[in-house]
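Count residues from 1 along the sequence. Given the structure is predicted, the values throughout are model-derived calculations rather than measurements.
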Amino acid sequence: RNPGSKGRKQSVPSHIQSYFLVLGKKLFSDRCFRDYFSGLAYAGSWEEAVRQEVSFTGYFEERGFVSSSYLGSSLSEYIDDPTILMPVELLERKFPLIKRKCFTADYCYINKVSSSVQIRNLLSFLETKTDYPFDLIYEDLLRTEKNSNLLKALGLCYVLESDDEEARSSLSSCKAAAVLCSSLSERIPDNTRYLKSLPDGSSVFIAAASEKIRERWTEVLSSLEKYSVQIRLQEDGYGPESAFMTTFRDELSSFDYICLLRDREDASSDPPLKDRFFSEHCLSALLFSKQYVQKVISLFERHSRLGLLMPFLPVFAEWPDKILNEEWGSGRERAERIYSMLKLSVPFDDHPVVPWGGMFWVRGGAMSALWRHEWSDDGFKPCQKGKEDGSSGSALLRMYPMIAQESGFFSGCVCPSALAGFQYANIYSNLQKRNALKINPDSVHFSDVRKVLGLYLMRKLRKILT
């Protein structure tokens, strides 16, 4: 029984939820029962069906009938909607059903009253204390829900130990590879250091932007003697998507896990040092250390539905303002064409969680939907440096989680434990800054209005310029 709610703008009365109803003969033999259904309009929407559900119990109670339920309102002291917010507690009290909205309810609604961990607790309960085939839940969610909602609802953000001694003696025997787009010779020493975090025996595929870059890599191959290294030329400006889908496609089909990398340079970064920190943010999240990479691979192997792991969102410099709520930039139209071309059936994500920078780990079979089209380099022509573009590469960057979802896999975010504290501090600082811009309607000052208006105009101007 839902205890109802009086604290919202629209009051919800206490009512028996319509999972199943048992009606006594005295009720369904009464004239009021026939009158109720004779006058009941067809529910043309989910909202209308809910209005009919919540009024059903009270209608007959007002006419002298008494109601009861298998599980009463004993949880009402905690929350007005325990079927969504307290599913484990209900199961422990022998409640036989799980509401699908536990997984699909609006995240902001859940987050208003909880830390949102109840979904993970529910899945853990099903896995350890029941024999329910909970993979059926995953299949349903992957078919019907947007990836960004799934990442939040299921908590697919992982902080992994940066340097675990136990991992040293248990390196996986799976086949791993890295694909690196290399165009900046000054980044080669750093890139080499990160590549050494791969398991010994891994393969490294380097797409060199020039003959000079290829020669420079040839000079340092001796430091990568534990790996199988292959270098091919790829025109400058083409990113990891081109290396993955064209330059090295013939080499990658046999690998269990692939790490896509690049040494990027964004001419719009001012000062350019911000772009270097962005690259380090991505590279550290993917290849922090040899032991950390083993943890990443072990995470894939423990979770068979995990298909893609990307770095945590960069919460520094101007990156949050540039990418939050403006994820598609000018690439949405191209993305919608690719969505149709690949015949994707999962929901199109309006606010995708994106592997910014084009760097991420991916399971070998998690991009099977990508090969419904025969790709060529013509679709990945680079844009002018510093300009937002609507090319296939730019659109695909934002579509990778959708493509993994179409292939039957979730996407998540990952961060080494050594950097998690800084990530938290950056989030805290950004929340402080954003809250400082909020206007108290009871105490509005001109300076507050000026701050908000200035931020709004800056965002509009950025859109026009890009």
Side-chain angles (χ1 to χ4, degrees), residues 117 119-121 123-128 134-135 137-138 141-142 147 150-151 153-180 193-205 224 226-228 244 252-261 281-313 353 355 359-368 400-401 404-405 407-421 423:
V117 299
I119 305 306
R120 178 163 287 185
N121 294 341
L123 291 172
S124 176
F125 182 92
L126 293 175
E127 182 179 8
T128 59
F134 63 91
D135 197 58
I137 297 175
Y138 290 156
L141 295 176
L142 285 166
N147 176 76
L150 293 176
L151 184 141
L154 300 179
L156 301 176
C157 299
Y158 303 94
V159 176
L160 304 180
E161 286 296 328
S162 310
D163 192 2
D164 188 347
E165 290 293 332
E166 294 180 3
R168 296 180 186 275
S169 59
S170 59
L171 291 178
S172 173
S173 60
C174 67
K175 294 184 65 177
V179 179
L180 168 66
R193 174 171 57 85
Y194 281 112
L195 289 172
K196 289 180 179 179
S197 296
L198 291 166
D200 293 348
S202 299
S203 295
V204 176
F205 301 97
L224 296 170
K226 295 181 179 180
Y227 307 97
S228 171
F244 179 55
L252 299 176
S253 60
S254 64
F255 290 95
D256 300 303
Y257 306 105
I258 303 166
C259 186
L260 272 64
L261 308 165
H281 166 82
C282 296
L283 290 166
S284 296
L286 303 175
L287 297 171
F288 186 83
S289 68
K290 217 174 191 66
Q291 292 71 43
Y292 173 76
V293 169
Q294 175 56 28
K295 288 291 184 181
V296 171
I297 293 174
S298 296
L299 183 64
F300 276 113
E301 295 186 333
R302 289 199 313 273
H303 300 285
S304 61
R305 286 283 186 177
L306 183 60
L308 186 150
L309 275 176
M310 66 194 88
F312 274 33
L313 180 74
V353 180
M359 292 184 262
F360 55 92
W361 277 99
V362 64
R363 186 186 295 272
M367 288 289 170
S368 59
Y400 284 137
Q405 185 178 347
S407 305
F409 298 93
F410 295 107
S411 296
C413 299
V414 68
C415 174
S417 58
L419 303 180
Q423 184 76 11

Residues Gly408 and Leu142: closest non-hydrogen pair is O-CD1, 3.4 Å
From the list Leu299, Leu260, Val293, Leu308, side-chain contact (heavy atoms from CB on, under 4.5 Å) with Trp361 holds only for Val293
Original post:
Going through the checks in order, is the side chain to side chain contact (heavy atoms under 4.5 Å, CB included) test met by Leu123 and Leu154?
Top reply: CA-CA 9 Å; Leu123 291 172; Leu154 300 179; 3.8 Å; yes
With sequence neighbours left out, the residues meeting ring pair (Phe, Tyr, Trp, His ring centres under 6.0 Å) with Phe134 are Tyr138
For Leu419 and Cys415, the nearest pair of non-hydrogen atoms, with its separation, is C-SG, 4.1 Å
With sequence neighbours left out, the residues meeting side chain to side chain contact (heavy atoms under 4.5 Å, CB included) with Ala178 are Leu195, Leu198, Cys259, Leu261
Are any side-chain N or O atoms of Tyr292 and backbone N or O atoms of Leu286, one a donor and one an acceptor, separated by less than 3.5 Å? no
Sub-4.5 Å side-chain heavy-atom contact between His281 and Gln423:
yes
Could you tell me whether a side-chain N or O of Tyr227 sits under 3.5 Å from a main-chain N or O of Lys196, the two making a donor and an acceptor?
-> yes
One should read off an interatomic distance between Leu283 CG and Met359 CE, to the nearest 0.5 angstrom, of 5.0 Å
Exercise. Given the rule in the side chain to side chain contact (heavy atoms under 4.5 Å, CB included) test, do Leu180 and Val204 qualify, once you have shown the distances and angles that lead to the verdict?
Worked result: CA-CA 8 Å; Leu180 168 66; Val204 176; 5.6 Å; no
Across all chains, not counting sequence neighbours, the side chain to side chain donor-acceptor pair (under 3.5 Å) partners of Ser124 are none
Hits for side chain to side chain donor-acceptor pair (under 3.5 Å) against Ser284, two or more places apart or cross-chain, chain-then-number order -> Tyr194
Of all heavy-atom pairs linking Pro401 and Ser411, the shortest is CA-OG, 3.4 Å
- Could you tell me whether a side-chain N or O of Gln294 sits under 3.5 Å from a main-chain N or O of Ser289, the two making a donor and an acceptor? no
Sorted by chain and number, sequence neighbours left out, ring pair (Phe, Tyr, Trp, His ring centres under 6.0 Å) with Tyr400 holds for Phe360
Hits for side chain to side chain contact (heavy atoms under 4.5 Å, CB included) against Cys413, two or more places apart or cross-chain, chain-then-number order -> Leu151, Cys157, Met310, Phe312, Val353
d(Phe300 CZ, Leu309 CG) to nearest 0.5 Å is 4.0 Å
When every non-hydrogen atom of Leu141 is compared with those of Gln405, the smallest separation belongs to O-NE2, 4.1 Å
*asked:* With heavy-atom distances below 4.5 Å as the criterion, would you say the side chains of Asp200 and Lys290 are in contact?
replied: yes
In short, Ala177 meets Phe205 closest at the heavy-atom pair CB-CE1, 4.0 Å
The side chain to side chain contact (heavy atoms under 4.5 Å, CB included) partners of Ser417 (sequence neighbours excluded) come to Val159, Glu161, Ser162
Residues passing the ring pair (Phe, Tyr, Trp, His ring centres under 6.0 Å) test with Phe288, sequence neighbours excluded, are none
Hits for salt bridge (Lys or Arg N to Asp or Glu O under 4.0 Å) against Asp135, two or more places apart or cross-chain, chain-then-number order -> Arg305
By side chain to side chain donor-acceptor pair (under 3.5 Å), Ser202 pairs with (sequence neighbours left out) none
**Prompt:** Is Ser228 reaching over with its side chain to a backbone N or O of Ser203, donor-acceptor style, under 3.5 angstrom?
**Reply:** no
When rounded to the nearest 0.5 Å, the distance separating CG of Leu252 from CE of Met367 is 12.5 Å
The side chain to side chain contact (heavy atoms under 4.5 Å, CB included) partners of Lys175 (sequence neighbours excluded) come to Ser254, Phe255, Asp256
